[in-house]
Every structure is written in C-alpha cells, then in structure tokens.
Amino acid sequence: MFIFETSQIVLLKISSLRQKNVVIFNFYVGDNIWQEDKADIDAHVSTQFVYNANNSLSLDVQRKRLPIFKVKNHILYLLEKYQTLVLVGETGCGKSTQVPQYLLEAGWSADGKIIGITEPRRVAATSLASRVADERNCILGAEVGYAIRFDDCNDETTKIKYMTEGILLREMMGDPLLTKYSIIILDEVHERTMLTDIIMGLLKKILKKRRSLRLVVSSATVDAEELRDFFNSRKSSSNEDDLATILSVEGRLHPVDVHYLAEPCADYVQAVVDTALKIHRNEEQQRGDILAFLTGMDEVDRAVSLLKEHAERIGIDKQLKLLPLPMYGSLPYKDQLRVFQRAPNDTRKVIVATNIAETSITIPNITCVIDCGFVKLPWFDVETQTNSLIVAPVSQASADQRAGRAGRHRPGKAYRLYTEEAFAALPVATAPEMQRSDLAPAVLQLKALGIDNVLRFNFPSAPPSKSLLSALELLYGLGIIDDDGRLTNPLGNMGCSEEITTILAMLQVQNVFIRPAGGQASIKARIAHRKFEVAEGDLLTYLNIYTAYEKNKTHSWCQQNFINFKAIKRATEIRTQMRKLIKKLGLPLLNCGINTELILRCIAAGLFPYAAYLHYTGVYRTVRGNRDLHIHPNSCLYTLEQPQWVLFGEIQQTTKVYMRELTVIKPEWLVELAPHFYRRTAIDND
DNA sequence: GAGCACTGC
C-alpha cells in the first residue's frame, strides 16, 4: 500500500482490493476542484487591463511618482531591524511592483538568493512579472520571472520571482526552509485565501528556524495588527525584541467621496437601477463610467434589462447615452470583453458586475461605484458537509475595496445602498476562507508537509475545531491517515489507472461543457452533449468526452460538440502531469478496456462516504444523516431514469440541496469496499 | 432547471 500526492488532486490513494489481481484507485479530491460552471479558465488572461494614468511618462519617472517611493528607505531600514514587515497600502500605491525592486537594488538577491512574491491569482503573477521586467528593461524570465502551474518562466539568473501561492507551497515540500529565498513577499494577504493562511502558518515556523529570512506581508487593510502579533513570537514583553512591525503607505491616487442612503432600501436591484439613472442625469458633465456591484448573475441580468429599457428612452432626448453591460464569471468570453472596450464619445457605460470586479478584474475609466452592500460567499456547513453560497452583508474592507474602484485615475464617487449606521455595523473584514471551508484538503496538505498535529498548528486565524476534527475523521475513514493521525502508505497495482487519471483531470477543469443561455444554440448544445452521456453517471461521461476528444484534439471538434477547448486542453496538461507522476513512482498505467465496473468500483472506493439512495418519496437521501437531496440539473442523470444508488462528489445548497458529479453504484459495493464505514444492516434498512 | 471568485511538483 502507498500514498502519493499529486499537485492536482489532493491525494490519490491506491489500495488493493481483495479480489485477485485487481487493484483499485481510491481517490479523494479537494472540495473546490469539483466546482464547475466557471468562466473560461483563461478568459481573464487577456482581460487584465490596468489603467495607467501616467502612460506618457517614462517608466522611471512613473516609478518615482508612486506613493510607495516615499517610504522606500523606511522599508529597507525596517527589514534590517525586523524579520517580518506588515506593509499596509491600498491598491495603486505600487507595492506589488516596487518593493521587490527596492529589495533587489538594496542587495537582497546577493549570493544567488531569490526575492519571491506570491499572488492569489495567475494573471496577477504573470502580469506583474511582465510589468516589472519592462520597468527594469529586461527580458521576462531572466532577472524578473514568474512561475505558475504549467508555466515556468524563470531561469538560474532570476532574482525576482512572482508566483502563485500554490507554487510556493509546493516548493516547501521539496525545500522546507525555502533556502532559495532571502525574502518572501506575500501579496494581497487581506483576501485571506486558504493558501495564504496555510503559508503564513508554515512561514511562522520557517522564520524561527531561519533567522536570516525576511517576510513582507502585504495587505490592503485593517488586519495589520493581528498579523503583526501573529508573527511577533518574541519572548519578553519589551518592544525592543519585536520581530514584526507595521508600515502604512498612503493609499490610492485619488479620493473617493462616499455617499450613504438616509433610509435603508427594500430592493437593492431596483435601487442600483435608480441610482445609476440618477448619476447619469445629474452628472452629465462629468464623464466616466459607472460600476455597480450585485451578488449574482440573476440580479445582474435583471438590473441590466431594467437599465436597458431606460437607456432606450434616454437615447432619444439626452446628449449622453447610457450603455448597460453585465459582467460575471460565467458570461461568455466575448461578452466579458465588452466591458473593457471604450464606449463611443456620446455614451456612458454602466457595468453591473458580481464580485468578479472587486479583485479579479480591473475595469478602466470608472468614476462612480454603486455598492448594494451584499456578496455571495461560499460557506461549508460541517454538520451536514454541505457547500452553499450564502448572501451575506459585505465587510467594511470589501465595501472600501469596491469604493476604491472609482478612484483609480481621478477623484470618484461611491454610492452605498445602505445607511452609514449599517456600514458601521458591518464586520470589519470577511471571515478568512479557512474558517468557512472544508478543511480536509488543507489538513492533508499539512500532513504531507510533516505537520502531524494539525490541531495544535498555529493558524493565523484558528478554524473551528469541529471543522478540523471532521476533516481528520474523513481522512481516517478514507484510510488516508492511521490511528495515530499519520499518513498511511498504501501501494498496489491498478486495473484502471489510466481511466481514473483521465476522470480526475476532467474533474479539475471547470466549464468543460459550453451551455448557451437560450435559443437554438442551447438546444444544439444539449443534443451534442447527449452523445457522451451514459447511464453510469457524470464521471464516466467525462471519461467519454475526453476519450472522444483525444481522437481529434481540434478546436473545431470542440466547437461542434459544445466543449470548452481551453478547458479540455488544460485537462490534458493535468492528465499528462499525473501520468508522469505515476510512471515516476513505478506504477503501471493500465487501461481496463470494456470492464466499466472496475472503474465504477474504483470511484466507489474513493467516494464511499458520499452515498445516497432513492427514497420512496421520490427524492434522494444521504446514507449518513438521512438528508433529502436532489440531482443537480446539470448532471447527465437529471434527464435519465433515477438510479437507486448514487455517489456524489459534492453537495451544493442553492434553491434545493443538490448533488453534483454523480456516479451510479450497486449498494453491495459499499459494504464490500468500505466495511468499516457501512454495515449490511444499515443499508438494508429503509 | 441552475451558476461569488480563485488556485496546484
């Protein structure tokens, strides 16, 4: 028996089945890679526009105009004195591009050491590296480089390296003290992603062991003191011994006037429409576009269609026309691009967006922001092991981030559709992802890094202990950790490793299916997709699609079949990476041919905790907990006859509690494959 | 009949 980790699946476990010569893949996949319905994964690569008000100035003059320039020497001095510097500065102050260069110029990359900067998103890592390479007049990938998955753009001369958080975590596995680096800059820490928090916990340990290492924690907001105290592991109470300190940099380039409602509003979608129209009427002379934040696609579409009705009327008698545009992740790429295109001179754009416009993309020329005051947040309920999106009030930090979108190149205005008292009552910051997610992937990651006692691990914000325990329980149930909480080490031969790697790769890319919203195209897409659907469920349908794609591998094949070309190409990369890993580990890559049941049993061996059966009432029920469940409309089983027993990859609660990524199984497999988990009696009941 | 946003040796 043995265990191995790949970069894409959190863990791929192979264990032997009791049958002779048959070995199964047991797999456990991290929560968020099951998500689908995402925007074209590479859509934002080319939509990352950042407005540069000083475009005509030389790069050097531009650099010196940035607010961060004034504190350059301060930063360098503080890093001589302290091991950790919490750098607070809002977007636009230049910290992401300038600080690494100051450090380089001050000699922090001497004796071959690297200055590393982590970013939560790939576009940020690549575009910042490209910008800094320009500023230094060097080729991208030499002195200044980047590393994201499947794209290493750096060499042995690289001194400044931008990377995604996942890359740094991976590097810790091979080099636990990060000896290549003289300094690590964690950028956008205020977003408090799962990976940021894990990395901060690990870096705290590394900093104790490597006193020469420096850390810059770069955050836009408030939590500075909390973060400083976290890294201040000094023994005495004297400030002289402090290891961490804070430096604030004055923020954005232009002020934003914030307006509140005098009275709360009943319908914020209607209020967005009314406010946008009011701005448009009253500020005819002040050109500049409007950006409104709503929580989801439905609301965005509703607001846009209401605005369009008014826009037509305005078009007749007004000088300045109004062009309402939607913006959200699942919007087709070409429609997303429209928000970046310059409107005609006689037209003002009103962009109605989800949270995508808060951090992921930057739309130029915005002078007015409308903030509905709410956001959809992913929430994991430990008790029911259910993911849901809850509509929650935004935090003050988010509201400020949204408002800041109005002041990027000239003074702006922000209209908050709530009262000033309501703002004061908002939470200061959104709860870190770690406190509202399934922790099984994180716990596994930590275990793989040698953190045996995760309950005592020093997290920057401790997750609920219930979540940690539940994660441990799941890993134990899957046989991934033993009685002592240590990773097990199972190894076996496989009967269908090839098929399983393909399925795993497909599960990790979002938006494999192109599903047009309506009309003729949506019917065509459905017919095209139906060709691949099988009664065994979604996972085998994915296998079918990939196998069919392999024979052609062309863009036109994908177009004909309404398959997302970029997504499936990425699946190929992931699959290739996994196959290499399997070979490296000396395991056979076996294709089981027509023995589909073997694949189904493999899936069952990995997903057995997530079993549901069809109740006589016509809805499904979980075996654990007897909760009512429904088949998600995007599942291939939605239109087919309802099978008696299914395994699901994820439960998502929206209007109903939905199961996604379904696989049809025989109930006796559960008892056979997971006897410690299921007893025959339990299954025969009901 | 449904979709906040990201990410990985």
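Within every chain, numbering begins at 1; the chains are lettered A, B, ... in the order of the sequence lines, protein sequences first and strands thereafter. Computation of the quantities below employed the complete heavy-atom set of this structure, encompassing side-chain atoms and omitting hydrogens, waters and symmetry-equivalent molecules.
Across all strands, A:Leu389 comes closer than 4.0 Å to base atoms (heavy-atom distances). Among the protein residues, A:Ile167 comes within range of the sugar-phosphate backbone only, with heavy atoms under 4.0 Å from sugar or phosphate atoms but none that close to a base.
Whole-Å rounding puts the A:Ile631 CD1 to B:dA2 P distance at 14 Å. Across the protein-nucleic acid pair, A:Ile361 atom CD1 and B:dC4 atom P stand 15 Å apart, rounded to whole Å. Separating the CG atom of A:Leu169 from the C1' atom of B:dT7 is a distance of 11 Å, rounded to the nearest angstrom. The OH-P distance, from A:Tyr268 to B:dC4, rounds to 11 Å in whole Å. Distance, A:Arg570 CZ to B:dT7 C1': 8 Å, rounded to whole Å. Distance CD (A:Glu191) to P (B:dT7): 11 Å, rounded to an integer number of Å. Taking atom CD of A:Glu171 as the reference point, atom C1' of B:dT7 lies 15 Å away to the nearest angstrom. Atom CG of A:Asp197 is separated from atom C1' of B:dT7 by 15 Å (rounded to the nearest Å).
For the OP1/OP2 pair of B:dC6 and a distance below 4.0 Å, the side-chain nitrogens and oxygens of A:Thr359 include no atom meeting the criterion. When the side-chain nitrogen and oxygen atoms of A:Arg515 are compared with OP1 and OP2 of B:dA2, none of them lie within a distance under 4.0 Å. The side chain of A:Thr655 places no N or O atom within less than 4.0 Å of a non-bridging phosphate oxygen (OP1 or OP2) of B:dG1. For B:dA2, the OP1/OP2 oxygens have a side-chain nitrogen or oxygen of A:Tyr658 closer than 4.0 Å. At the phosphate of B:dG3, OP1 or OP2 sits under 4.0 Å from a side-chain N or O atom of A:His632. The side chain of A:Arg149 places no N or O atom within less than 4.0 Å of a non-bridging phosphate oxygen (OP1 or OP2) of B:dC6. Note on A:Thr354: a side-chain N or O is less than 4.0 Å away from OP1 or OP2 of B:dA5. Considering only side-chain N and O atoms, A:Arg122 lies under 4.0 angstrom from the phosphate OP1 or OP2 of B:dT7. Residue A:Thr164 places at least one side-chain N or O under 4.0 Å from the OP1 or OP2 atom of B:dG8.
For the side-chain contact (heavy atoms from CB on, under 4.5 Å) test with A:Ile290, the passing option among A:Ile366, A:Leu307, A:Ile370 is A:Ile370; the others fail.
Scanning for side chain to side chain donor-acceptor pair (under 3.5 Å) contacts around A:Lys584 gives an empty result, with sequence neighbours left out. Remark: A:Asp267 engages A:Arg302 in a salt bridge (charged side-chain N to carboxylate O under 4.0 Å, His left out) (not counting sequence neighbours).
Within the 3.5 Å criterion, the main-chain N or O of A:Tyr146 finds a donor-acceptor partner in the side chain of A:Asn154.
A:Phe423 carries A:Arg416 over the face of its six-membered ring, with the cationic atom under 6.0 Å from the centre and within 45° of the normal.
With contacts defined as side-chain heavy-atom distances shorter than 4.5 Å, the pair A:Phe457/A:Leu446 qualifies.
For a distance-only test at 3.5 Å, the side chain of A:Arg526 qualifies as a donor-acceptor partner of the base of B:dG1.
Mapping A:Pro378 and A:Lys584 onto DNA chain B by nearest heavy atom places A:Pro378 at the nucleotide closer to the 5' end.
Of the listed nucleotides (B:dG8, B:dA2, B:dG3), B:dA2 has the atom at the smallest distance from the side chain of A:Asn634. Listed candidates were B:dC4, B:dC6, B:dC9. Nearest to the side chain of A:Ser360 is B:dC6.
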